[in-house]
Structure formats: C-alpha cells, structure tokens
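Below is one structure; the comments refer to it alone.
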Amino acid sequence: MSKRLWIIAGFTVAAAAGWQLADVAVAQPVPDAAPAQNLSDVAAPRPGLPQLTPTSNGQSIHIFPTVEGAKARARAGLAGGPLVYHAGGSIMPAVTLYAIYWIPAKLQNGGATSMPVLYQNFQSRLLVDYPDHGIDNNNTQYFQTIGTTTTYVANLGAFGGVFVDTAPYPASGCTDSLTPGACITDAQIQTEIKRVMAVKGWTGGLRHMFLLYTSSGEGSCFTAASTSCAYTNYCAYHGNISGTTPIIYANMPFGNLSVCQVAGTPSPNAYAVADAVMDVATHEISEAITDPLLDAWFDSSGNEIGDLCNFFYGPNTWDASKANQSWKGHFYEVQEEYDNHTSSCAQVGP
C-alpha cells in the first residue's frame, strides 16, 4: 500500500492580510479540573474503526482520531508499540513551522465564518514555542538511515511565519453531515497550501511544515466520496504532497470540544477551544517530525508517536495544576508522546 500523498496541481494567487503575534489577554477563567488520564469514561464509540491512514487513488494521510475513535481503537487492541523504524524512511531533522489561517467572508453554504484573532494568536504562539522544549526533546531518540548515513531528530526549530487568507473557499467538494454544504477535500486543502506558498515564497522540504487552520463551520473529508471526515473520524491529520521537494502539512479544522477533547481537561489559557487545538497541533507536529512521509516510525497497528498517547496528559505541575508544560513562560496542556526507551508516554524525553 502506497504511503505517499499526491497533489492535484493548479492554483491561483490571492492577496495577503496583515497580522500581528502579540501578547494575548486571557478570557474568563474556567473551573479547575483534573486532566483525564484514560478514555474509560468517554461515551461509547460509533460503530467501526476509523483508519489512521485512509487510502484512495494512491493518496494517504495519517489522522488524529476523535476521542471516540481513539477509544474504539484501544478497545480493539490497536494501541500498542513499540514504534519501529522502517528502513529508508525519512524524519525531519529540525522543523520550521508555518501557520495558514483561511478565513473567507462566508462559508460555501452562506453561513458566517469565525476564527477570533485571539484563537489565531494562541496557535501561532504554540508554533513559536514548540521547538527546543520537552515534547520536542522526546523526538530526538528517533532517526533515519539513508544509505550509510544515520541522522537523529534534533531538538531545534523555528517559526517561519503566518498568512491570513481571506480568499473564498472553493465550492464544497464533499459531504460532511456535521457541516452541511461547507466541506473541502484533501485535494482542495493541498491546492490552498501550494497557492499560499507561492504568494509568500515559502518552500517545501523535510525541514518545513505548514499547518492550515480553517474557520468554524467548515468541514473536510479526505476525498470527494466523503471518506474519513472532520469531527466524525478525525480532529486533524498530517500528510505530504509528494514530489522532488515534498511539502509536509497538517489539516487543522476549527476546534470542537465535544469530539476532540476529553471532558474535564483543564484550559491553562482560559480559552478551551484554542487550548484543545494547540494540543492537537503538538500531536501532528511530533508525528510529522518522526514520520513525515508516512514511511519511517510507526508500530504494527499503524500507530505513530502521538497515537499511542492520545488524550493522556500526565501530571499537571504548572499553573496551579492546570498545565503540564511551561514553554518560554507560557502554559500548555498537551498530550504526552511515546518514548521508545521507556515503552511509555512521556512529557519530556528521552
């Protein structure tokens, strides 16, 4: 089965909108709550198991399942480990992270779009803070061997920039029951990323990752046949646009607490939806670093570094027990990642 992700070419150019990553004010606080450490108290899963790597027509992505999907996989014995290196597979030795916020004036069905500046600022701040901290340090045990050269992930990286795109969404290309009339396919997502890269002069390769954030009310499915959809099957996914210079990217639908976060998870920034999406982003970034082309580090069930620790946060030792990470003086509640050395989930490693 091919693990590469192919691109449908062709794009147009739109003008950029301005932005500023500023210190952000916090919203009204939410009550303190202990982080959920397992999925045993989550509602029963829907029938069937979402695939982690759905494939169609030679395309492939790797999804972050919803809470119900993760629970279903665990009950089916599909959460295991250890992660195994597949000979010749590639890692990202260091990563520069880019944010694309796609916020047209309206959805395809005429509905209103929404992505508050505060939400954007928190996501950008996470991308600034992720490199060179505990979760990223856990990635350093993973490597690639190409020919006779072995290279390990380095706990290094940078923030490459942001683009706020107000260009219209394309005609709805799929049918997502949770976002009727407003759904984009993976092919349309890829086209948008390539278009923005052309506008900004950004380049691809195994040291750059592009995260595409879409508005509230906008759904997505992997294909026009509505195979694997946001909020039903996944909260986000990462993939690659193959070519001489691959493009590593993530589809980041707007946050949905009902299906993409375990009830009771704290909100250290007093903005629960933004905190939940930052959690998802660390999952996608860690997986892209260790398995960008979907050919390097995964276990016998197809789990990557983040899947084995979905919705497991570990002890909260920061911000009055509301956070498990403190990066550059900012607090986060993000899932642990799999540590092959200890065969367990870890906040800091190796």
Item to check | Ring-ring centroid check H283 F64, cutoff 6.0 Å | outcome: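 Under 6.0 Å, so yes.
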Next on the checklist: I want to know whether Y119 and F254 have ring centres closer than 6.0 Å.
Outcome noted: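 Yes - the distance between ring centres of Y119 and F254 falls below the 6.0 Å cut-off.
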Flag the pair [X] / [Y] as yes when at least one side-chain heavy-atom distance between them is below 4.5 Å, and no otherwise.
X	Y	result
Y101	D165	no
L126	I285	yes
L211	I100	no
T203	I247	no
N269	M278	yes
I184	P170	yes
D279	E333	no
Y234	P253	yes

To the nearest 0.5 Å, tell me how far [X] [atom1] sits from [Y] [atom2].
X	Y	atom1	atom2	answer
D291	I91	CG	CD1	11.0 Å
L156	R207	CG	CZ	8.5 Å
F298	H86	CZ	NE2	3.5 Å
C345	E337	SG	CD	8.5 Å

Just checking, is any N or O donor in the side chain of [X] or [Y] under 3.5 Å from an acceptor N or O on the other one?
X	Y	result
N316	S321	no
H330	D129	yes
T145	T150	yes

Item to check | side chain to side chain donor-acceptor pair (under 3.5 Å) partner of N155, chosen from N139, N137, N138 | outcome: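 Single pass found, and it is N137.
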Item to check | Y332 and its side chain to side chain donor-acceptor pair (under 3.5 Å) partner, picked from Q325, H133, R125 | outcome: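 Passing option: R125.
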So which heavy atom on [X] is nearest to which on [Y], and how close?
X	Y	value
Q190	I241	OE1-CG1, 3.6 Å
S301	D299	N-OD1, 2.8 Å
A288	M92	O-SD, 3.4 Å
T113	A105	OG1-O, 3.6 Å
I189	S220	CD1-CB, 4.2 Å
A70	N310	CB-ND2, 4.0 Å

Checklist entry - Counting only N and O atoms by type, is there a donor-acceptor contact under 3.5 Å from the side chain of T185 to the main-chain atoms of A224? => result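 The answer is no, because no donor-acceptor pair under 3.5 Å joins these two groups.
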Establish whether [X] and [Y] are linked, either directly or via other cluster members, by ILVMFWY side-chain heavy-atom contacts under 4.5 Å.
X	Y	answer
Y313	L257	yes
I289	V348	no
Y130	Y142	yes

Checklist entry - When you look at V162 and L127, which way does the side chain to side chain contact (heavy atoms under 4.5 Å, CB included) test go after all the steps? => result CA-CA 10 Å; V162 66; L127 302 187; over 6 Å; no
Next on the checklist: Please determine whether side chain to side chain contact (heavy atoms under 4.5 Å, CB included) holds for the pair Q120 and V164, giving the CA-CA distance in whole Å, both sets of side-chain angles, and the decisive distance to 0.1 Å.
Outcome noted: CA-CA 9 Å; Q120 298 171 48; V164 177; 3.7 Å; yes
Item to check | Candidate list Y152, Y338, F143, test ring-ring contact (aromatic ring centres under 6.0 Å, His included), partner W297, passing option | outcome: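 Of all the options given, the one that passes is F143.
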Item to check | ring-ring contact (aromatic ring centres under 6.0 Å, His included), paired with W102, selected from Y169, F210, F163 | outcome: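 Single ring-ring contact (aromatic ring centres under 6.0 Å, His included) partner of W102 among Y169, F210, F163: Y169.
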Item to check | N-O pairing of E68 and K71 below 4.0 Å | outcome: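 The answer is no: the pair does not qualify as a salt bridge.
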Next on the checklist: Determine whether T290 and E304 satisfy the following criterion, side chain to side chain contact (heavy atoms under 4.5 Å, CB included), listing intermediate values before the conclusion.
Outcome noted: CA-CA 8 Å; T290 55; E304 293 180 330; 5.5 Å; no
Checklist entry - Once the angle between the rings of Y98 and H208 is folded into 0 to 90°, is it parallel (under 30°), tilted (30 to 60°) or perpendicular (over 60°)? => result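 Plane angle over 60°, so perpendicular.
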Checklist entry - Are the gamma sulfurs of C221 and C183 separated by less than 2.5 Å? => result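 No.
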Checklist entry - Can you pull the side chain to side chain donor-acceptor pair (under 3.5 Å) pairs that have at least one residue in residues 339-350, sequence neighbours excluded? => result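 Every pair satisfying side chain to side chain donor-acceptor pair (under 3.5 Å) with a residue in residues 339-350: Q141-D339, T342-S344.
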Checklist entry - Given Y249 and H238, is the ring pair (Phe, Tyr, Trp, His ring centres under 6.0 Å) satisfied, shown in steps? => result CA-CA 6 Å; Y249 71 97; H238 73 94; 8.7 Å; no
Item to check | Verdict with reasoning, H62 to Y237, per side chain to side chain contact (heavy atoms under 4.5 Å, CB included) | outcome: CA-CA 5 Å; H62 188 91; Y237 62 74; 5.9 Å; no
